[in-house]
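We're numbering straight along the sequence, starting at 1.
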Amino acid sequence: MQYELRTQVIEPPRKTFTHLVARYGDRPASRYEEGSIDIQAKENFHYRPLWDPGHEIYDEAFSDFRLTDPYSFTDPRQFYYAPYVTSRAAMADAVASTLDYLDSRGLLARLPEGWSAVLGELVVPLRHYESGAQMVSCEVARFGFGTTVTQCAAYAAFDRIGNAQALSRVGIALGGGTAELLADAKTRWVEDEALQGLRRYVEELFLEKDWGKALVRLDVADRLIYSLFYTHLDDAAIDGGAGSYSLVAQHLSSWFTDQRKWVDALYKAWVADPETGAANKALLAASTVEALEAALVALRPVGARVDELVAAGAAESLESTATTVRDAVATLTA
């Protein structure tokens, strides 16, 4: 008896979910689209929250920044759970490899005195800044409207914990394998004069009820901090014989480059919206200018302390970055 094998193609009755067919047409959807688009809860709520009866439990009115269609913004990285976890696992492995190398060679202990002080006094305490940024990101994830926005914020919240953990490992390595520098970093975050403006800035972010404004304010501080500590001081450390500082800074700089991809895309979606774009432009410009003034007040003492320790032109770097931010938002909102 002979058998003949044949391939039979069975066409599916539909190529994707009905709500995606309505939006994009009857075509195969990507995994990102299936896990992100048009799944924001909008109806059948049981009650308004007792702590804020003026809003629905999920309500676009939690921010003055509005999108006519929340899904006009999509994550340019196309992150859903699987690619996000894969990407961050690779990042974590790279950070761990670098820190293991620094530890095994005792390179942090060989830092010039000034650079060691920069790490211990200013960089390791930023683990508390990252923790605060994580809380703000959680607020955006909770009160934002549109899954493409809220999932980006949720992933950013996880990233912030990873950043704080990386800085904690730096503190442990710098402290000779003990947690003494971590306890010292907490004391410095709470008491050091140079850090009190930044701590106040972060804590005031917790009180901002508009998630969009909170995101802008956090982003402005990020741009100043990451440019100073992980770009400008990265270069200065190489010139100053502190290459191990640069090895640490490269990972945080790379993360921030990735973070800016979705934040910039959201800004562009806000200002390009056909109905709310004009209002969003005005609000983005005003919020950025206000945040920039407050962030500079908070960070100038930090820059001054850096210059006391290593004379690396930190104060000038802060002002230069602030000018870049002003120019960027002016161009975007023109």
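Formation of a donor-acceptor pair under 3.5 Å by the Ser253 side chain with backbone atoms of Ala249 is not found in this model. Within the 3.5 Å criterion, the main-chain N or O of Trp189 finds a donor-acceptor partner in the side chain of Gln196. Put simply, the side chain of Thr323 gets close to the backbone of Glu319: a donor and an acceptor are under 3.5 Å apart. No side-chain donor-acceptor contact under 3.5 Å links Thr288 to the backbone of Ala285. Between the Thr321 side chain and the Ser317 main chain, a donor and an acceptor come within less than 3.5 Å of each other. The backbone N or O of Arg127 sits nowhere less than 3.5 Å from a side-chain atom of Ser131 that would complete a donor-acceptor pair. With hydrogens and angles disregarded, a donor-acceptor distance shorter than 3.5 Å links the side chain of Tyr84 to the backbone of Tyr155. In this structure, the side chain of Gln250 engages the main chain of Leu247 through a donor-acceptor pair within 3.5 Å. Looking at Tyr201, its side chain never comes within 3.5 Å of a backbone N or O of Val297 through a donor-acceptor pair. Distance alone, capped at 3.5 Å, is enough to place a donor-acceptor pair between the Arg66 side chain and the Glu60 backbone.
In summary, Asp210 and Arg217 do not engage in a salt bridge, as defined by a charged side-chain N under 4.0 Å from a carboxylate O. Between Arg160 and Glu130 a salt bridge is recorded (basic side-chain N to carboxylate O distance below 4.0 Å). Note on Arg27 versus Glu33: salt bridge recorded, some NZ/NE/NH1/NH2 to OD/OE distance being below 4.0 Å.
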Hey, can you pull the donor-acceptor pairs under 3.5 Å for the side chains in residues 102-112, sequence neighbours left out?
residue	atom	partner	partner atom	Å
Ser104	OG	Asp100	O	3.2
Ser104	OG	Tyr101	O	3.0
Arg110	NH2	Arg105	O	3.1

Quick one: side chains of residues 137-148, donor-acceptor pairs under 3.5 Å with protein atoms, not counting sequence neighbours, listed by atom name and distance.
residue	atom	partner	partner atom	Å
Ser137	OG	Ala133	O	2.9
Arg142	NH1	Ile57	O	3.1
Arg142	NH2	Ile57	O	2.9
Thr147	OG1	Gln40	N	3.4
Thr147	OG1	Tyr71	OH	3.4
Thr148	OG1	Phe73	O	2.9

Atom pairs and distances, donor-acceptor, side-chain atoms in residues 234-244, under 3.5 Å, two or more places apart:
residue	atom	partner	partner atom	Å
Asp234	OD1	Ser246	OG	2.3

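Taking the centre and axis of the six-membered ring of Phe158, the NZ or CZ atom of Arg88 falls outside the cone set by 45° and 6.0 Å. No cation-pi contact links Arg223 to Tyr226, judged by a cut-off of 6.0 Å to the six-membered ring centre and 45° from its axis.
Closest of all the heavy-atom pairs between Val220 and Ala295 is CG1-CB, 4.1 Å. Closest approach of Thr68 and Glu275 over heavy atoms only: OG1-CB, 3.3 Å. Of all non-hydrogen atoms in Pro53 and Leu50, the two that sit nearest each other are CD-O, 3.7 Å.
Judged by distance alone, the side chains of Thr276 and Asp273 do bring a donor and an acceptor atom under 3.5 Å apart. Side chains of His232 and Ser227: no donor on one and acceptor on the other come within 3.5 Å. For the residue pair Tyr267/Asn280, the side-chain donor-acceptor check at 3.5 Å is not satisfied. One side chain, Asp159 or Trp255, offers a donor N or O that lies under 3.5 Å from an acceptor on the other.
Contacts classified as salt bridge (Lys or Arg N to Asp or Glu O under 4.0 Å) and involving residues 262-272 (residues at least two apart or in different chains) are given here: Arg260-Asp264.
Not less than 6.0 angstrom separates the ring centroid of Trp211 from the ring centroid of Phe62.
Side chains of Ser36 and Thr74 form no contact here, defined as non-hydrogen atoms less than 4.5 Å apart. The shortest side-chain heavy-atom distance between Val95 and Arg169 does not fall under the 4.5 Å cut-off. Within the 4.5 Å cutoff, no side-chain heavy atoms of Asp38 are placed close to those of Phe17.
Among the candidates Leu20, Val21, Asp26, the single residue satisfying the side chain to side chain contact (heavy atoms under 4.5 Å, CB included) test with Lys15 is Asp26.
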From CA spacing to verdict: salt bridge (charged side-chain N to carboxylate O under 4.0 Å, His left out), Asp64, Lys209: CA-CA 10 Å; Asp64 289 335; Lys209 299 302 183 185; over 6 Å; no
side-chain contact (heavy atoms from CB on, under 4.5 Å) evaluation trace for Glu316 with Asp307: CA-CA 10 Å; Glu316 292 84 351; Asp307 286 335; 4.2 Å; yes
Salt bridge (charged side-chain N to carboxylate O under 4.0 Å, His left out) assessment of Glu56 paired with Arg48: CA-CA 5 Å; Glu56 295 286 0; Arg48 287 176 178 261; 3.5 Å; yes
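When the side-chain hydrogen bond (donor to acceptor under 3.5 Å, both in side chains) test is applied to Glu204, the partners found at least two apart in sequence or on another chain are Arg200. Under the side-chain contact (heavy atoms from CB on, under 4.5 Å) criterion, Ser87 pairs with Phe79, sequence neighbours left out.
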